[in-house]
2 protein chains.
Amino acid sequence: MNFSDTLERMIRKFERRAPLDDSDRAALRSLPFTRRTASARSFIVREGSSPDVSCLLLSGYTFRQKLTGDGGRQIVSFHLPGDFMDLEGSLLSCADHNIQALTRVDYAAVPVRHILDLIDNHPRLARAMWIDTLVDASIYREWVLNVGRRNARERIGHLLCEFALRLDLAGLGTTHGYQCPMNQEQIADCTGLTPIHVNRTLKAMEAEGLIRRHLRFIEIPDWKHLREASGFDDTYLHLRQVGEPVVNHHVSRTRGSQTGANNNSVSAQTSASARSGERPGPA
Amino acid sequence: MNFSDTLERMIRKFERRAPLDDSDRAALRSLPFTRRTASARSFIVREGSSPDVSCLLLSGYTFRQKLTGDGGRQIVSFHLPGDFMDLEGSLLSCADHNIQALTRVDYAAVPVRHILDLIDNHPRLARAMWIDTLVDASIYREWVLNVGRRNARERIGHLLCEFALRLDLAGLGTTHGYQCPMNQEQIADCTGLTPIHVNRTLKAMEAEGLIRRHLRFIEIPDWKHLREASGFDDTYLHLRQVGEPVVNHHVSRTRGSQTGANNNSVSAQTSASARSGERPGPA
DNA sequence: CGAATAGTTGAGGACTATCAAAAGTGGTGG
DNA sequence: CCACCACTTTTGATAGTCCTCAACTATTCG
């Protein structure tokens, strides 16, 4: 995989987060790094360690996972080419999770001290990176919701939707279809299910016409249908993040009762919905 | 609640994240704000909005939640006094979740533009805040694991352990006991369970001697016992984060097979554990 | 005291896990 | 080109955790 193409893609990604200038871009382009390869399943960062490099993914896929004491594995996020995996490794003193290669991967390992220099000397860049980690946090929140409050079909459908959009953005697929980066066991570890149940649910979704499958290729005949069946709403990916925050007037949610202004203010609440905690009843 | 006491507590919290100097502390102390109150259950930030203030919690508890299309509610995190809730509201253009008061709360609302000024003019402070959001992200990862791969008893026990440590740190409880900030329905929404099952599980845990309850007060007769029964390991809270990252030699995990160095490097893998993805078998 | 919120209990059912094994896929070497 | 091996996907049968519905009790607060 071409390093500078991927670097440029990453720069464009950061520019969607915050405005950069020429010196910021130049600093990114001149980052020292060593090129590394890892085979599928090998560990790139281990829980408990303090890595001395942060890694820009060049080709292939990686994921982050945590284990329970009795061996249950939960995948908590995944990364595609152009992602800076493990930026937090430069700022936190101890890794709280493992990063593992999903496929054979190429990546550029950048010494932590150069990342720290970058942060110190390029505030705009630091802000773009910070925002990037905030978007990651938003994705974690959605995953908590996904495994916590959705059934198997919705969980898997939601994951397939996220794959579609993120692969599309990286030029590796479309919302009509893509080569799924994960096998069924890994999908199970993303969704908190067993591989057997993932298999059955995928088959059921195919029977319903939500998806079609050709080996590992996922085809989505009706994007809107899959989205709605999965409760998928892409807001949490913050795809249209545009640098500076803007004034408050795009409330484009389909769901929910956006009653206009926030009720940040003092005032005791009396409306029924407020008293019930605004949890809408079952549909 | 005393504003300046809470502010000082927040400053100390940031100083655990990154070193600050006098001008940083002075800048925090001179932040302009408006004092606000919100009653239990009222919304402080609404999904889809772009708040123009960020909020420092002074007294009471708040939580973040997301809803599924059919009304399921998932709490994704909670906040105690001294926390800057919704720092990301200053950097992301659209809120992806709701922030709601758990109890009656007092908070200080700081206009976003002053937060942005702070970030621009106080790089050390910006880094401390960034690290704080990275710790939040780490907590989300643990919550994904919690709802994805643990049973009801472990999920609830894990949450009770997290309460204990965080309340302890805030001076609002100890690992021997504390006033639980949440009722059983809210615990259910944190753990992806129903309130009925939470009730039964709490009773079972009490029968086992893992906890004792006096109304909303949780007593923990044997901290180690509860921790182990819940698979709780506080690494993910990054309590001992010490500013600058340190060199790599504290591998103090009890669990897991830390085989020393990372295998970041090239090399095809051949060992059995690597091929199996290093997922330990059931205990 | 009465209304509202929170906690408790029971019975039955649904979703998902577990155990076991067969069939399909892909790569390797003779 | 085929046999062989590892891995992945698929299928069946059974069990269990957790949910749903419904009602009852305890606690809080005006």
Hey, does the side chain of [X] come within less than 4.0 Å of [N]'s phosphate (OP1/OP2), counting only N and O?
X        : N      : answer
A:Gln184 : D:dT10 : yes
A:Arg213 : D:dT8  : no
B:Arg41  : C:dA4  : no
B:Lys203 : C:dT9  : yes
B:Asn199 : C:dT8  : yes

### Query
Name the one of B:Leu193, B:Val198, B:Thr194 that satisfies side chain to side chain contact (heavy atoms under 4.5 Å, CB included) with B:Ile196?
B:Thr194
### Task
For each nucleotide in nucleotides 15-20 of chain C, reading 5' to 3', give B when a protein heavy atom comes within less than 4.0 Å of its base, S when such contact involves only the sugar-phosphate, and - otherwise.
-BSBB-
How close or far is atom [atom2] of [N] from atom [atom1] of [X], stated in whole angstroms?
X        : N      : atom1 : atom2 : answer
A:Arg104 : C:dG27 : CZ    : P     : 14 Å
B:His214 : C:dA6  : NE2   : P     : 21 Å
A:Phe217 : D:dT8  : CZ    : P     : 21 Å
B:Ile218 : C:dG7  : CD1   : C1'   : 13 Å
B:Arg216 : C:dA6  : CZ    : P     : 7 Å

### Query
Nearest of D:dT10, D:dT28, D:dT8 to any side-chain atom of B:Leu215?
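The listed nucleotide nearest to B:Leu215's side chain is D:dT28.
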### Value rounded to 0.5 Å, distance of CG in B:Asp168 from OG1 in B:Thr174
6.0 Å
### Five-pair end axes of the helix from C:dC1-D:dG30 to C:dG30-D:dC1 and the angle they enclose, rounded to 10°
40°
### Within 45° cone of B:Phe78 ring axis and under 6.0 Å: B:Arg166 NZ or CZ
yes
### Query
Hey, is A:Asp86 close enough to A:Arg64 for a salt bridge, meaning N to O under 4.0 Å?
no
### NZ/NE/NH1/NH2 to OD/OE distance under 4.0 Å, A:Glu142 and B:Lys66
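Between B:Lys66 and A:Glu142 there is a salt bridge, with a charged N closer than 4.0 Å to a carboxylate O.
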### Query
Using a cut-off of 4.0 Å on non-hydrogen atoms, how would the nucleic acid contact of A:Asn183 be classed: base, sugar-phosphate, or nothing?
sugar-phosphate
### Query
In terms of ring plane angle, is the pair B:Phe232 and B:Tyr236 parallel, tilted or perpendicular, where the classes change at 30° and 60°?
perpendicular
Check: [Y] main-chain N/O paired with [X] side-chain donor or acceptor under 3.5 Å:
X        : Y        : answer
B:Asp83  : B:Met85  : no
A:Thr235 : B:Asp96  : no
A:Glu219 : A:His176 : no

